Number of protein chains: 2
Amino acid sequence: MTVTPQPESDARAAIHRGTVSRQTEAILRDMVLDGTLAPGERLNEVTIADSLGVSRGPLREAIQKLAGEGLLQLKSHRGAFVRKYEPREIIEAYELRIALELYAVRLVIERADDESLAALRVLLETDAPGTPGTTIPPTPPLDPGAEVPRTAGPYVAELDFHQRMVSLSGNSAITAAALKVNHRLYLALTHTERTQARREHANDEHLAFLDALCDRRTADATRLLEEHLQASLANTLSVLGLEPLTSTHRSTPSEDLHHA
Amino acid sequence: MTVTPQPESDARAAIHRGTVSRQTEAILRDMVLDGTLAPGERLNEVTIADSLGVSRGPLREAIQKLAGEGLLQLKSHRGAFVRKYEPREIIEAYELRIALELYAVRLVIERADDESLAALRVLLETDAPGTPGTTIPPTPPLDPGAEVPRTAGPYVAELDFHQRMVSLSGNSAITAAALKVNHRLYLALTHTERTQARREHANDEHLAFLDALCDRRTADATRLLEEHLQASLANTLSVLGLEPLTSTHRSTPSEDLHHA
DNA sequence: GGTCTGCCAACTGTCAACAGTTTGCAGTTG
DNA sequence: CAACTGCAAACTGTTGACAGTTGGCAGACC
């Protein structure tokens with residue numbers, strides 16, 4: 001109803017919905033994101049191909065594509081596994097997200113019109129967990145199947161708001177990159193709950209940020225967004241029982257990240 | 001015989017150098033980046049598979065992966081084409097690059113050790129076009145075949161310096177994203193020459209930026225880098241005979257980039 | 001002469017079968 | 001009884017062949 005390109009509109013459209021390869025890719029992505037395939041799990045090609053009613057060829061092509069998006073991990077002669085993110089990788093993905101959003105904010109303030117900015121506020125008010133998949137940005141440069149599934153994880157609304165904000169930059173390259181890293185973060189954090197306190201804080205931060213954004217106060221918006229993202233990352237880390245990477249490495253001169 | 005990953009190091013290593021799929025992927029990427037396959041050109045699967053001595057299966061898997069990286073474009077039932085970037089897309093890719101590098105600078109200043117920073121200076125001094133492929137970052141999270149080819153285009157040294165700087169952030173996600181967008185920009189701009197004046201300016205800007213970076217003056221380094229990147233983008237646009245997007249949209253409230 | 005229609009060739013998308021590798025297990029041996 | 005070796009099953013990697021679609025070309029028709 002909202003933004004998702006509805007498949008059930010026409011039966012003929014469903015038949016012609018791209019090739020088997022693309023359909024398989026979309027279905028696989030959903031299966032990975034909604035947990036049907038658990039992180040670390042191995043994908044048996046014949047089993048999955050059989051259950052989807054397709055051959056191994058298109059399935060393998062879909063697997064290649066998802067591996068390129070960071071959702072699967074390929075091991076030579078061992079097959080494909082659902083990507084299991086290490087704590088360090090979660091932090092790195094988060095930092096990538098921060099990099100994208102911080103610059104996107106500047107573009108949004110420069111370019112977005114008032115209506116679009118105002119429309120963002122609606123996303124914060126309808127914070128109920130019942131809102132179904134509104135995750136697709138208006139101009140998705142990725143494939144049409146790239147959508148966050150309907151199983152409402154704790155991060156869906158959060159990611160959705162941010163993704164929409166980024167898409168207002170009008171830059172489809174940045175938007176696509178953000179969507180991809182958001183998918184990865186969703187996969188990595190989908191079973192991570194946030195504390196209630198954090199949840200309320202997050203909403204306040206969103207509102208403050210949005211106010212600055214609508215007033216086109218670039219410096220304030222940027223600062224508020226970064227503080228919000230850093231706080232969100234810190235909460236995630238604490239829930240996961242990890243210590244923040246961002247404060248430990250400055251003392252040690254080398255050796256710290258040279259081995260990766 | 002053309003671009004094949006060097007087999008003469010060890011016969012056994014050549015045999016076990018990944019699967020045919022991966023080799024094909026690396027070779028294809030090189031062929032796209034070095035212009036063997038021209039932008040807009042269509043890839044005939046049987047011809048290419050034949051010339052590489054592989055079957056269509058692995059070739060198609062490689063094509064899927066390169067399409068995911070933005071180097072190829074897939075058209076349903078029409079095949080794969082070398083991606084031909086529109087002016088707008090070039091600008092968007094450039095902005096994505098800016099977003100990544102601006103945040104990377106902060107991480108570099110926080111985390112990189114003095115030696116690594118000093119090592120960057122060497123890249124600027126050996127500006128001769130004879131320096132062979134040093135394009136791989138220390139920690140390439142992409143596949144081992146992902147390198148800017150040896151055909152020294154005008155942007156190779158430029159991109160190389162920036163890529164190395166980004167890799168010093170220690171963040172492999174950001175580094176991988178930067179590498180990917182740099183590949184795209186290389187493909188889009190490989191036949192674009194820079195003015196001599198711009199060339200000298202660029203070097204000066206690099207040096208000034210590097211000084212600020214080594215002194216860990218975050219604000220200065222960030223500002224200098226952004227000015228440098230904006231100037232570089234402006235030069236590229238002028239060479240291409242385009243007008244900058246970044247200055248036209250602020251006045252018009254909407255309608256400017258809503259159609260994309 | 002221009003335009004439209006129907007056919008044909010080329011190519012992509014898909015499938016089923018073959019070959020090589022890995023992993024786990026059973027048997028054997030010290 | 002533990003550890004090592006060899007085998008076998010399962011699965012991935014690869015291949016060649018089949019079917020459906022697209023685009024162009026020739027011929028007919030207006």
Side-chain angles (χ1 to χ4, degrees), chain A residues 11-29 31-32 37-38 40-68 71-83 143-145, chain B residues 4-5 7 10-28 31-32 37-38 40-68 71-84 143-145:
Chain A
R12 221 159 337 271
I15 292 174
H16 232 32
R17 176 81 96 92
T19 77
V20 175
S21 236
R22 303 299 183 84
Q23 290 184 37
T24 306
E25 178 190 331
I27 294 176
L28 248 194
R29 196 187 342 261
M31 288 175 70
V32 170
L37 299 167
E41 186 176 342
R42 166 139 158 262
L43 276 64
N44 188 322
E45 292 185 358
V46 292
T47 304
I48 294 181
D50 227 40
S51 78
L52 294 182
V54 302
S55 190
R56 281 179 56 215
L59 174 63
R60 281 177 64 89
E61 290 178 8
I63 287 175
Q64 296 293 328
K65 210 124 186 242
L66 292 194
L71 297 179
L72 297 179
Q73 182 175 21
L74 297 160
K75 296 184 181 178
S76 207
H77 291 279
R78 299 267 332 267
F81 297 77
V82 179
R83 193 81 152 81
D143 318 85
Chain B
T4 322
D10 187 5
R12 219 159 338 272
I15 292 175
H16 232 33
R17 182 86 84 103
T19 77
V20 175
S21 234
R22 302 301 182 83
Q23 290 184 39
T24 306
E25 177 190 330
I27 293 174
L28 248 194
M31 288 174 72
V32 170
L37 299 167
E41 186 176 342
R42 166 139 158 263
L43 276 67
N44 187 320
E45 293 184 358
V46 292
T47 303
I48 294 180
D50 226 40
S51 78
L52 294 182
V54 303
S55 191
R56 280 180 56 215
L59 174 63
R60 281 177 63 90
E61 290 178 7
I63 287 175
Q64 295 294 327
K65 210 122 187 244
L66 291 194
L71 297 179
L72 297 179
Q73 182 175 19
L74 297 158
K75 296 184 181 179
S76 209
H77 291 279
R78 299 268 333 267
F81 298 75
V82 179
R83 193 80 153 80
K84 199 171 189 177
D143 318 85

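We name chains A, B, ... by the order of the sequence lines, and we start the count at 1 in each one. Everything quoted here is computed from the prediction, not taken from an experiment.
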Under the criterion side-chain contact (heavy atoms from CB on, under 4.5 Å), I'd like the reasoning laid out for Val82(A) against Leu72(A): C-alpha separation, chi angles, the key distance, then a yes or no. CA-CA 5 Å; Val82(A) 179; Leu72(A) 297 179; 4.2 Å; yes
Any salt bridge linking Lys65(A) with Glu61(A)? Criterion: basic side-chain nitrogen under 4.0 Å from a carboxylate oxygen.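 The answer is no: the pair does not qualify as a salt bridge.
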Side-chain donor/acceptor of Arg42(B) to backbone N/O of Arg78(B), under 3.5 Å: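 Flag set: sc Arg42(B) to bb Arg78(B) pair under 3.5 Å.
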Which nucleotide sits closest to the side chain of Arg42(B): dC11(C), dC15(C), dT14(D)? dC11(C)
From dT12(C), dT15(D), dT12(D), pick the nucleotide closest to the side chain of Val46(B)? dT12(C)
Please report the shortest heavy-atom distance between [X] and [Y], naming the atom on each side.
X	Y	answer
Ser21(A)	Ala62(A)	O-CB, 4.1 Å
Gln64(A)	Leu74(A)	OE1-CD1, 3.9 Å
Leu52(B)	Thr24(B)	CD1-CG2, 4.0 Å

Establish, with yes or no, whether the OP1 or OP2 oxygen of [N] is under 4.0 angstrom from a side-chain nitrogen or oxygen of [X].
X	N	value
Asn44(A)	dC11(D)	yes
Arg78(B)	dT12(C)	no
Arg60(A)	dT12(D)	no

Check the distance between [N]'s [atom2] and [X]'s [atom1] and give it to me in whole angstrom.
X	N	atom1	atom2	answer
Arg22(A)	dT21(D)	CZ	P	17 Å
Glu25(B)	dG13(D)	CD	P	13 Å
Leu74(B)	dG13(C)	CG	C1'	12 Å
Glu45(A)	dC15(C)	CD	P	14 Å
Glu41(B)	dC11(C)	CD	C1'	16 Å
Leu72(A)	dT12(D)	CG	P	13 Å
Lys75(A)	dT12(D)	NZ	P	13 Å
Leu59(A)	dG13(C)	CG	P	16 Å

With 3.5 Å as the limit, what N/O pairs link the protein to nucleotides 16-20 of chain C?
none

Give one of base, sugar-phosphate or nothing for Ile63(A), where a contact means two heavy atoms less than 4.0 Å apart.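 Ile63(A): no heavy atom of the nucleic acid under 4.0 Å.
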Side-chain contact, heavy-atom cut-off 4.5 Å: Leu28(B) with Leu43(B)? yes
